[in-house]
Amino acid sequence: MAGLLLVVSGPSGAGKSTVLNAVMAKRKDMFFSVSATTRAPRPGETDGVQYSFVSPDEFHRMLQEGRLLETGSFAGNWYGTPLDPVMERLGSGETVVLDIESAGAAQVKEKYPNAVLIFLTPSTEEEAERRLRNRGTENEEKVLKRMADSRREYMQIDQYRYIVVNDTVEVAVQAMEAIIIAECARTKRNKGLFFKYRETHR
Ligand code: ADP
Ligand code: 5GP
């Protein structure tokens with residue numbers, strides 16, 4: 001059976017990285033898709049771990065060569081999901097997680113309708129802004145760009161199957177795990193397992 005494709009979006013500062021890292025620390029069967037981006041690394045980020053940091057030319061080349069599943073821009077930078085690793089991991093039945101913005105999420109949903117889209121947000125927009133500022137990784141100009149583009153994210157909320165509120169990390173992690181467990185148990189994902197039984201017990 002193909003693995004579960006999870007797509008997580010939300011405003012900048014929502015806690016997407018924090019919550020996903022915590023979920024992945026608990027569940028070892030998940031593969032985090034490392035995106036390519038033209039944004040500069042933040043202190044503490046390592047090439048190939050949080051992102052593959054590429055030049056605009058390299059990003060364009062990847063796109064032209066069909067190596068990206070989807071792309072999107074956020075606060076003046078380009079981001080894209082490398083296609084091959086996602087398809088390989090899904091093919092081997094793993095749960096694959098994409099942390100991507102809403103335009104990219106729409107492209108994934110179009111190409112892969114079984115993808116499960118989750119919107120992660122604190123209960124207020126102001127809290128996301130406060131966290132973004134407290135994180136201290138962006139100057140004022142970039143904070144303002146990020147807040148403007150985060151509003152765009154809220155506008156697309158209807159395309160998501162779930163909303164996970166990240167007021168406390170622990171509760172948000174529980175909600176993510178509950179979604180993963182429930183989605184893995186859905187009939188349409190599992191009924192193939194029982195065809196043989198139905199054939200022999202009619
Ligand atoms: P995103 O990936 O969505 O931009 P981050 O995971 O980088 O967000 O989180 C933004 C900031 O908020 C970080 O400094 C992180 O430690 C903090 N944070 C994340 N979740 C919570 C939470 N539930 N309560 C308080 N602070 C949080
Ligand atoms: P950040 O710069 O804070 O790491 O990410 C900014 C935004 O880009 C976030 O909304 C994040 O989800 C999104 N993003 C990260 N990788 C990708 C990607 O591969 N594709 C798209 N469309 N968005 C991405």
Side-chain angles (χ1 to χ4, degrees), residues 5-25 32-54 58-59 62-63 67-86 96-112 115 117-139 142-143 145-157 159-160 163-176:
L5 181 55
L6 286 184
V7 175
V8 179
S9 309
S12 194
K16 298 180 295 297
S17 305
T18 306
V19 171
L20 287 177
N21 284 337
V23 173
M24 284 186 300
F32 179 75
S33 162
V34 178
S35 297
T37 183
T38 60
R39 121 159 132 58
R42 293 178 188 135
E45 286 184 329
T46 307
D47 189 34
V49 178
Q50 290 84 8
Y51 285 104
S52 294
F53 296 98
V54 299
E58 173 61 8
F59 190 92
M62 291 174 85
L63 185 58
R67 285 152 58 198
L68 298 173
L69 168 64
E70 60 71 41
T71 59
S73 69
F74 194 89
N77 294 301
W78 282 98
Y79 298 83
T81 301
L83 178 64
D84 287 351
V86 170
V96 174
V97 187
L98 311 184
D99 172 347
I100 64 177
E101 51 68 68
S102 59
Q107 294 162 47
V108 174
K109 193 175 181 181
E110 174 81 24
K111 289 184 185 163
Y112 200 94
L117 273 60
I118 302 172
F119 195 84
L120 189 130
T121 174
S123 43
T124 66
E125 207 178 324
E126 292 73 29
E127 176 61 14
E129 178 182 348
R130 198 184 64 79
R131 289 180 191 170
L132 178 58
R133 289 184 185 282
N134 280 355
R135 191 172 69 190
T137 49
E138 266 81 22
N139 63 27
K142 286 183 180 159
V143 166
K145 266 190 178 175
R146 280 176 173 265
M147 282 162 45
D149 282 358
S150 292
R151 267 170 229 130
R152 189 183 74 185
E153 298 296 283
Y154 284 107
M155 302 292 284
Q156 302 305 323
I157 208 157
Q159 73 178 346
Y160 295 87
I163 294 175
V164 168
V165 175
N166 175 27
D167 282 343
T168 65
V169 174
E170 197 192 340
V171 174
V173 169
Q174 275 175 4
M176 291 289 300

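Every heavy atom of this structure was used, including side-chain atoms; hydrogens, water molecules and symmetry mates were not. Start at 1 and go down the list; that is how both ligands and their atoms are numbered.
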Original post:
Applying a strict 4.0 Å limit to heavy atoms, is G13 in contact with ligand 1?
Top reply: yes
Original post:
Heavy-atom contact under 4.0 Å between S9 and ligand 2?
Top reply: no
**OP:** Run the numbers for me: atoms of ligand 2, each under 4.0 Å from some heavy atom of D99, listed by number.
**Re:** 11 (C), 12 (O), 14 (N), 15 (C), 16 (N), 17 (C), 24 (C)
Original post:
With only distance considered, is K16 within less than 3.5 Å of ligand 2 through an N or O on each side?
Top reply: no
**OP:** Indicate whether the side chain of N77 and that of T37 have a donor and an acceptor atom separated by less than 3.5 Å.
**Re:** no
Original post:
Would you call R146 a ligand 2 contact, heavy-atom distance under 4.0 Å?
Top reply: yes
Original post:
Can you tell me which residue and heavy atom of the protein come closest to atom 7 (C) of ligand 2, and the distance to 0.1 Å?
Top reply: F74 CG, 3.7 Å
Original post:
Where's the contact between T168 and ligand 1, heavy-atom distance under 4.0 Å: side chain, backbone, both or neither?
Top reply: backbone
**OP:** With atom 18 (C) of ligand 2 as the reference point, say which of I100, L68, L132 has the nearest heavy atom.
**Re:** I100
Original post:
Counting heavy atoms only, which of V169, T137, N21, T18 is nearest atom 16 (O) of ligand 1?
Top reply: T18
Original post:
Is R42 near ligand 2, meaning one of its heavy atoms is under 4.0 Å from it?
Top reply: yes
Subject >> Element-labelled atoms of ligand 2 that are located less than 4.0 Å from some non-hydrogen atom of G72 >> reply: 22 (N)
**OP:** Using a 4.0 Å heavy-atom threshold (strictly under), name the region of E153 that reaches ligand 2: side chain, backbone, both or neither.
**Re:** neither
Original post:
Heavy-atom contacts under 4.0 Å between Q107 and ligand 2: side chain, backbone, both, or neither?
Top reply: neither
Original post:
Counting from 1, what ligand 2 atoms have a heavy atom of T71 closer than 4.0 Å?
Top reply: 22 (N)
**OP:** May I ask you to list the atoms of ligand 2 that are less than 4.0 angstrom from any heavy atom of R39?
**Re:** 1 (P), 2 (O), 4 (O)
Original post:
Quick one: does ligand 2 sit under 4.0 Å from the side chain of Y79, the backbone, both or neither, non-hydrogen atoms only?
Top reply: both
